[in-house]
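Presented below is the structure to which this report refers.
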Amino acid sequence: MQIQSRAEMIKTKPIDCLHFIDGKYVPSKNEKTFVNINPATEEVMGTVAEGGKEEIALAVAAAKRAFEGSWRRMPAGERARIIRRIGDIILERKDELAALESFDTGKPYGLASSIDIPRAAYNFHFFADYMASIGTEAYQMDDVALNYAIRRPLGVVGLINPWNLPLLLMTWKLAPCLAAGNTAVLKPAEWTPMTATLLGEICKEAGVPDGVVNIVHGFGPDSAGAALTEHPDVCAISFTGETTTGKHIMTAAAKTLKRLSYELGGKNPNIIFADADLDEVIETTIKSSFINQGEVCLCGSRIYVERPLYDAFVERFTAKTKELIVGDPLDPNTTVGTLISEEHYNRVRSYVELAVEEGGVIETGGKRPEHLSTGYYLEPTIITGLTNDCRVVQEEIFGPVVTILPFDREEEVIKQANDTHYGLSATIWTNDLRRAHRVAAQIEAGIIWVNTWFLRDLRTPFGGMKQSGIGREGGMHSFEFYSELSNICIKL
Ligand SMILES: O=C(O)C(=O)/C=C/C=C/O
């Protein structure tokens, strides 16, 4: 059955994407567009307006007007009600959004429907509630003076978003940005424009005033992305994506001294001690290795197993991996969909070839499934026999590819886990409570899970260290980024 005919079953069709500026859908001034490819069919499923300097200028001007207009003066309770309503409408349109997210990314429809879209709605619900509870600080200087801090919004904020969890990550930024009273210009990833486009009308329907949320499609360099990072009226940029792109944005933003929040790349260790519960480890490690085709910055792609458990783990994990179903993202039985694009597919494939050159053993996967001649499909891949200094163990692959290395001592695996210029997340499996705390405290990562993975409390600090990011978002940390504090000292 053709993939598109399954889409009929889901009753959603791909959409052409215009910019959303000042509350209206508009094409680029120069009418330029680019094509949107469905990664499962490799066919053009629509066109996308290609924005540049001009569209960014219009969007930032609209955001500035809206900021100076009603939005920043809106009572927090009213703003919270509108933000909560955005979450409600996302849930009302879940099936449509999940289908579009699956068309754009090639991820299984079931994953978009169960994780991506509900979490996008929750991002708004969480920050609508959280904003009511935040305070600031006050200090008495004996009977001489009283100090108290007030919190103000920044103004116009640029949000630059990745293609792996498009709506989840865009709303992870937009919700607190709005809750803090800012206005926003969003630049979706060029490969995933459709749910971002719908977010415009969803915000409008929820009561967001025109100009508060603006969406401009386009590319990075010499396009909408670059223009956003250079615009003098944009006072902050929150970016999720590759470390190299982050460095380019920092250079551009320096000229106007923009505040930056970065969640960048990762090459996350998954450390499994011999005392761990193997059934539990296997079940979760299948997810932390291959969910979303391994295209999650938090995936534990470097697996380290204590030697007594190594053979049993490799055998059981490989067998379980072979049971994963690679296929049509719209098929309810599919657990692994396509990679995002031909370019990314070739890049991930090249790492599998490199692994063999570096002496690795492909325990399973590494190829296009025979029965899938069209679409950017790659089998989940397990590689053993490498050493920690191999490029395949050091470099972010961002695909369904993991390496497994044995270790003998705690000190050794901590050293190996930290031997990377990344520092985003880590997973530790052990039932030894003291060891769990001791090892976690020594792993250089911003987010560390023990006996679980991707369990998210949105109040917690979220972000990476080293080359994996700058700053934290989540709970109060988001408000720290999306607002300014002023201390007022009153002489008594
Ligand atoms: O769970 C989150 O809030 C989040 O930011 C996930 C990021 C995943 C990136 O690939």
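Remember, it's 1-based here, ligands and their atoms both numbered in the order they're listed. Since the model is a prediction, treat every value here as computed from it, not as a measurement. Sequential numbering from 1 along the given sequence is applied to the chain's residues.
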For the aromatic rings, using the six-membered ring if either is Trp, is the centroid distance between H344 and W163 under 6.0 Å?
yes

Over 60° means perpendicular and under 30° means parallel, so classify the ring planes of Y130 and F127, tilted if in between.
perpendicular

Got a donor-acceptor contact below 3.5 angstrom from the N182 side chain to the L154 backbone?
yes

Mind jotting down which residue pairs meet the salt bridge (Lys or Arg N to Asp or Glu O under 4.0 Å) criterion with at least one end in residues 337-346? Sequence neighbours excluded, please.
none

Say you draw a straight line from CD1 of I447 to CZ of F454; how long is it, rounded to the nearest 0.5 Å?
9.5 Å

Is it true that E263 lies under 4.0 Å from ligand 1, counting heavy atoms only?
yes

Can you pull out the closest protein heavy atom to atom 7 (C) of ligand 1? Residue, atom name and distance to 0.1 Å, please.
L169 CD2, 3.5 Å

Can you name the side chain to side chain donor-acceptor pair (under 3.5 Å) partners of K247, sequence neighbours left out?
Q467

Check this for me: does any side-chain nitrogen of one of R152 and E484 sit under 4.0 Å from a carboxylate oxygen of the other?
no

When you look for heavy atoms under 4.0 Å from ligand 1, do you find them on the side chain of N164, its backbone, both, or neither?
side chain

Can you list the atoms of ligand 1 that are under 4.0 Å from a heavy atom of R456?
1 (O), 2 (C), 3 (O)

Can you name the atoms of ligand 1, numbered from 1 with element, that are less than 4.0 Å from a heavy atom of W172?
3 (O), 5 (O)

Which atoms of ligand 1 have any heavy atom of V296 under 4.0 Å away?
10 (O)

What part of L165, side chain from CB on, backbone N/CA/C/O, both or neither, has a heavy atom under 4.0 Å from ligand 1?
side chain

Is there a polar contact, in the sense of an N or O pair closer than 3.5 Å, between C297 and ligand 1?
yes

Are any of the N/O atoms in R119 less than 3.5 Å from those in ligand 1?
yes

protein heavy-atom neighbour closest to atom 4 (C) of ligand 1 works out as F462 CZ, 3.5 Å

